[in-house]
Protein chains: 2
Amino acid sequence: MSERDEREIRLGEARRLSQLLICVAEQAKAGFAAAVAPFGLPVPLARAFLTLGSSAPMRDLADRLACDRSYVTSLADQLEERGLVARVPGDDRRVKLLALTEAGEELRERMSTALAEQALVLRRLDDADRAALAPLLEKLVGDDEAGAPAGW
Amino acid sequence: MSERDEREIRLGEARRLSQLLICVAEQAKAGFAAAVAPFGLPVPLARAFLTLGSSAPMRDLADRLACDRSYVTSLADQLEERGLVARVPGDDRRVKLLALTEAGEELRERMSTALAEQALVLRRLDDADRAALAPLLEKLVGDDEAGAPAGW
DNA sequence: TATTGTTATACTCTATAACTATA
DNA sequence: TATAGTTATAGAGTATAACAATA
């Protein structure tokens, strides 16, 4: 088999694996949406809510979500309307922290559990599979940057 | 260790794995966007373009993309403007097929290769890793439905 | 009557630019 | 001068509803 053929085959397999990965990702996304829907939060709001630890400067949230500060303002407005977070003044008086309210903490606990329970990795894989998967995913994410351990 | 603790640990691990998976998915998405950008197609257009085999009824494309028929009309308009696909009448006279033009075929070939070459699974994993990953991803996608092997 | 594609319209998500208040 | 958050506005991506042609 020629070098060229080998390269072709390798590329073809990469394609197939990539597609599988995307497929899994889409199912995971759908799973997230489904798990979160009963709690009445639209997906982006839920993501922000869960990414926010129990308290963080708005700026930090923008970094973790990789979005603009102005969008965080809008997310914060919506979360505040729902009584899930409160803006509390920071040490530096330019800064505002977003802090979970009591209701927020409680909801986070419930959502977090619901999410884990329906996780694809739990429903489709056994212990051995999960043990094998973890290091592969770690290699895939690399040690680039972010890794944004998200709070949930 | 109590049953309850074991359950907690298991859920915690599921959470961690799920987050890793999402992380990988986001990087894969970013990789797709980056690989596709030089060809001048916005991401959703590229996705549609690649999902379309070399020819398919618009309705089928809507199914594969899991989107509304009206959106396919808009995607088809844009791809047609760029000379990448043509609407050809189907057998059933209600149906229109989207078929790649010659330019479309040529572009698809190049994009498809570019995509495979930059794939995360190729850049970060060795042969053994990829061999281990494939069956795990297959389990994860399950045999539900779609699986939509996407044409690229 | 049910289905295909189209049109017009509207909604969601998110960014950009300009602004205010601190630092 | 630079940074945090806000406001107003705009754009991309996508859906809904009503419609014409065909089955």
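This structure is a prediction, so every number in the text was calculated from the model and none was measured. In what follows, every chain begins at residue 1, and chains take the letters A, B, ... in the order their sequences are listed.
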_Nearest-Å distance for atom pair CZ/P, residues A/Arg87 and D/dG5_ =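 Nearest whole value for this atom pair: 9 Å.
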Is there side-chain contact between [X] and [Y], with heavy atoms separated by less than 4.5 Å?
{"X": "A/Arg130", "Y": "A/Leu122", "answer": "yes"}
{"X": "A/Leu50", "Y": "A/Phe32", "answer": "yes"}
{"X": "A/Pro135", "Y": "A/Lys139", "answer": "no"}
{"X": "B/Lys96", "Y": "B/Pro89", "answer": "no"}
{"X": "B/Glu80", "Y": "B/Arg87", "answer": "yes"}
{"X": "A/Leu21", "Y": "B/Leu137", "answer": "yes"}

*asked:* So if I define the base as every atom that isn't primed, P, OP1 or OP2, how would nucleotides 14-23 of chain D read as a B/S/- string at a heavy-atom cutoff under 4.0 Å?
replied: BSBB---BBS
*Residues in salt bridge (Lys or Arg N to Asp or Glu O under 4.0 Å) contact with B/Arg10, at least two apart in sequence or another chain*: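 Testing B/Arg10 for salt bridge (Lys or Arg N to Asp or Glu O under 4.0 Å), a comparison that skips the adjacent residues, returns A/Asp127.
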*Identify whether the distance between the nearest side-chain nitrogen and carboxylate oxygen of A/Arg16 and B/Glu138 falls below 4.0 Å.*
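Yes.
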*Are any of the side-chain nitrogens in A/Arg110 or A/Glu105 under 4.0 Å away from the carboxylate oxygens of its partner?*
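No.
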*Taking heavy atoms of chain A and a 4.0 Å limit, find me the 5'-most and 3'-most nucleotide of DNA chain C within that range.*
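Contacts span C/dC13 to C/dA23, reading 5' to 3'.
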*Check the surroundings of atom CG in A/Asp91: do more than 12 heavy atoms from other residues, nucleotides or ligands lie under 6.0 Å from it?*
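No.
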*Dot-bracket encoding of pairs in DNA chain C, which uses [ ] for pseudoknotted crossings and | for another strand, Watson-Crick or G-U under 3.5 angstrom*: |||||||||||||||||||||||
_Residues which pass side-chain contact (heavy atoms from CB on, under 4.5 Å) with B/Arg94, listed by chain and number, not counting sequence neighbours_ =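 With sequence neighbours excluded, B/Arg94 shows a side-chain contact (heavy atoms from CB on, under 4.5 Å) to B/Asp92, given in chain and number order.
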*Counting N and O atoms only, with roles assigned by atom type, does the side chain of B/Ser54 sit under 3.5 Å from a partner on the main chain of B/Leu100, one being a donor and the other an acceptor?*
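Between the backbone of B/Leu100 and the side chain of B/Ser54 there is no qualifying donor-acceptor contact (under 3.5 Å).
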*Among residues 54-63 of chain A, which residues get a heavy atom nearer than 4.0 Å to DNA chain C?*
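Listed by number, there are none.
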